[in-house]
**Q** 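One structure, pasted below without further comment.
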Amino acid sequence: LPISPAELSGITLTRSFMGNAKRADVALYVDWFVEGKVDLTDIVSHRVSLDQINDGYSMITEGKAVRVVVEY
């Protein structure tokens with residue numbers, strides 16, 4: 001059986017690809033941004049360092065953050 005290094009070390013990886021957006025909607029969202037209809041500065045609610053990534057994930061799952069960006 002193929003086993004990844006993450007499985008051996010007990011690490012769980014969680015990712016999101018475009019949230020719930022459909023690929024067809026992305027072009028519309030980009031148009032809205034270019035036209036100034038959407039202000040993206042308010043979307044990022046928190047920024048965390050890589051060593052604070054677990055805190056950032058907790059903020060999201062507990063509803064304390066809208067979008068957390070991990071800064072390397």
Side-chain angles (χ1 to χ4, degrees):
L1 296 173
I3 298 175
S4 72
E7 292 169 314
L8 291 174
S9 63
I11 296 171
T12 301
L13 301 175
T14 304
R15 67 182 184 103
S16 172
F17 182 69
M18 297 185 338
N20 291 330
K22 296 176 184 140
R23 288 182 184 266
D25 295 333
V26 175
L28 177 63
Y29 301 152
V30 171
D31 288 342
W32 288 350
F33 172 72
V34 170
E35 294 168 6
K37 294 179 180 178
V38 177
D39 181 13
L40 298 178
T41 57
D42 293 334
I43 290 177
V44 176
S45 60
H46 295 79
R47 296 178 184 274
V48 297
S49 62
L50 188 56
D51 62 332
Q52 297 172 316
I53 194 167
N54 291 333
D55 296 331
Y57 184 76
S58 293
M59 285 189 283
I60 293 171
T61 59
E62 295 168 6
K64 297 179 181 176
V66 175
R67 177 75 47 130
V68 177
V69 171
V70 178
E71 296 181 335
Y72 296 92

**Q** Does anything in residues 43-62 form a salt bridge (charged side-chain N to carboxylate O under 4.0 Å, His left out)? List the pairs, not counting sequence neighbours.
**A** R47-E71, E62-K64

**Q** Compile the donor-acceptor pairs under 3.5 Å between side chains in residues 24-36 and protein atoms, sequence neighbours left out, one pair per line.
**A**
from: E35; atom 1: OE1; to: K37; atom 2: NZ; distance (Å): 3.1

**Q** Kindly give the heavy-atom pair with the smallest separation between M59 and V48, and that separation in Å.
**A**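 Taking M59 first and V48 second, the nearest heavy atoms are CE-CG1, 4.0 Å.
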
**Q** Are Y57 and V70 joined in one hydrophobic group, where the rule is that I, L, V, M, F, W and Y side chains link up if heavy atoms are under 4.5 Å apart?
**A**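 Each belongs to a different hydrophobic cluster.
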
**Q** What's the shortest heavy-atom distance between V68 and A65, and which atoms?
**A** CG2-CB, 3.7 Å

**Q** So which heavy atom on I43 is nearest to which on V66, and how close?
**A**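 In terms of heavy atoms, the two residues are closest at O-CG1, 3.7 Å.
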
**Q** Are I60 and L50 joined in one hydrophobic group, where the rule is that I, L, V, M, F, W and Y side chains link up if heavy atoms are under 4.5 Å apart?
**A**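 I60 and L50: one cluster.
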
